[in-house]
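Quick notes on the structure that follows.
Remember, it's 1-based here, ligands and their atoms both numbered in the order they're listed.
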Amino acid sequence: QYMKEITGLEKIEQQLKEKFNLQKVIVVPGNSDEERRVKQELGKACVSFLKKVVQDHMVIAVTGGSTMSLVAETMTPLNKKDCLFVPSRGGLGEQVENQANTICAEIAKKANGEYRLLYVPDPISEKAYQSIIEEPAVQEISNYIQNADIVLHGIGDAVTMAKRRKTPDEQIQKIKESNGVGEAFGYYFDKQGQIVHKVRTVGLQMEDLKNMEHVIAVAGGASKADAMESYFKNGQSNVLITDEAAARLLTASY
Ligand code: G3H
């Protein structure tokens with residue numbers, strides 16, 4: 001019986017790999033909307049996958065969110081030399097425990113790695129952005145972020161994320177009117193994968209992902225299936241770690 005279940009998940013992993021054209025998909029049993037334990041399993045699966053690909057002197061960028069915070073919770077020493085962790089972006093209006101900086105510092109400590117943080121107001125006006133990116137200290141960390149070897153990131157439901165980040169009402173309205181469904185890296189996407197809104201921040205931009213070796217998405221829960229579908233329309237990630245509930249909805253037509 002157990003083996004049968006495992007084989008079932010392997011089949012879905014294969015289907016998702018084809019559907020989104022990914023190098024690797026890992027599906028853990030359960031629905032992380034319902035059980036925190038399942039979200040922890042996503043975190044654990046992410047940590048074990050990271051251990052397979054990470055090498056000495058690599059730079060690893062991490063985003064924020066509750067899923068990434070459980071990656072931090074389950075991290076253990078990487079046993080590699082000089083690994084540097086950086087936050088992909090600033091706070092995005094999130095509570096401190098969901099911010100990329102907080103998660104980055106915790107992951108790095110548990111991994112026995114180094115870390116650098118990004119101390120910039122976020123989101124930021126166009127005017128302030130143009131002057132702050134001239135700061136040498138900001139440029140230095142931006143360089144690390146843009147040239148990261150590995151990115152670990154979450155995917156969120158667009159409206160849920162916009163509300164959680166205390167996004168101004170008119171922007172939430174704009175996201176709704178343009179049928180925004182998914183969110184990743186502070187970008188909001190519609191069903192076709194088009195960007196419908198973007199938070200101006202210093203840090204990782206979608207175009208930076210093209211040059212990165214391992215872009216690892218970690219997202220699960222039935223509530224995120226549409227969000228994941230929208231993100232992967234144009235997504236640059238090559239690995240997906242998800243749960244059974246999201247995976248079954250995403251492969252229902254197979
Ligand atoms: O940055 C936030 C992610 O895109 C999703 O957050 O893991 O709490 O759902 P989450």
Side-chain angles (χ1 to χ4, degrees), residues 26 28 30-47 60-75 85-104 106-107 118 122-123 145 151-167 171-172 175 180-190 193 195-206 209 215-237 239-243 245-247 249-250:
I26 299 168
V28 306
N31 181 357
S32 41
D33 288 340
E34 282 160 14
E35 281 177 279
R36 186 174 190 275
R37 183 189 57 79
V38 179
K39 232 185 216 188
Q40 277 172 324
E41 291 302 322
L42 292 178
K44 277 189 205 159
C46 176
V47 170
I60 302 142
V62 298
T63 71
S66 60
T67 314
M68 279 303 128
S69 81
L70 289 180
V71 173
E73 193 180 284
T74 45
M75 183 57 75
F85 289 83
V86 291
S88 60
R89 321 187 98 196
L92 292 170
E94 294 263 23
Q95 303 220 315
V96 73
E97 61 272 24
N98 280 335
Q99 289 182 14
N101 270 334
T102 315
I103 292 167
C104 171
E106 188 185 344
I107 289 190
L118 190 54
D122 183 8
I145 295 170
V151 180
L152 307 178
H153 74 93
I155 300 170
D157 169 75
V159 176
T160 309
M161 292 313 303
K163 287 187 178 157
R164 194 170 88 189
R165 290 170 176 161
K166 316 248 176 332
T167 307
Q171 289 178 21
I172 298 189
I175 293 169
V181 280
E183 180 282 338
F185 311 103
Y187 290 74
Y188 292 79
F189 311 92
D190 67 12
I195 297 166
V196 296
H197 178 66
K198 168 184 191 300
V199 183
R200 162 59 89 197
T201 69
V202 177
L204 193 72
Q205 309 297 315
M206 284 286 278
L209 299 174
V215 183
I216 305 168
V218 192
S223 65
K224 281 192 188 175
D226 288 347
M228 290 162 68
E229 177 114 45
S230 80
Y231 170 72
F232 281 107
K233 283 268 153 66
N234 286 317
Q236 302 288 335
S237 309
V239 177
L240 169 64
I241 299 171
T242 190
D243 64 20
L249 287 171
L250 288 167

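In this structure, Ile155 counts as a contact residue of ligand 1, since one of its heavy atoms falls inside 4.0 Å of the ligand. Between His153 and ligand 1 there is no heavy-atom distance shorter than 4.0 Å.
With Lys39, Arg165, Glu183, Arg164 as candidates, the residue nearest to atom 6 (O) of ligand 1 on a non-hydrogen basis is Arg164.
With respect to atom 7 (O) of ligand 1, the closest heavy atom belonging to the protein is Thr67 OG1, 2.5 Å. The shortest contact between atom 9 (O) of ligand 1 and any protein heavy atom is with Lys224 NZ, 2.6 Å. Taking atom 8 (O) of ligand 1 as the reference point, the nearest protein heavy-atom neighbour is Ser66 OG, 2.5 Å.
Between Leu70 atom CG and Met75 atom CE the span is 12.0 Å, to the nearest 0.5 Å. With rounding to the nearest 0.5 Å, the separation of CE in Met206 from CZ in Phe189 is 3.5 Å. With rounding to the nearest 0.5 Å, the separation of CD in Gln95 from CG in Asn98 is 7.0 Å.
Under a 4.0 Å criterion applied to the non-hydrogen atoms of Gly64, ligand 1 contributes the atoms 1 (O), 2 (C). Contact atoms of ligand 1 toward Met161: 2 (C), 5 (C), 6 (O) (distance under 4.0 Å to a heavy atom of the residue).
Using a 3.5 Å distance cut-off with no hydrogens or angles, the side chains of Tyr187 and Gln205 do pair a donor with an acceptor. Checked by atom type, the side-chain pair His153/Ser237 shows a donor-acceptor distance below 3.5 Å.
Applying the side chain to side chain donor-acceptor pair (under 3.5 Å) rule to Thr167 yields no partners; only residues at least two apart in sequence or on another chain are considered.
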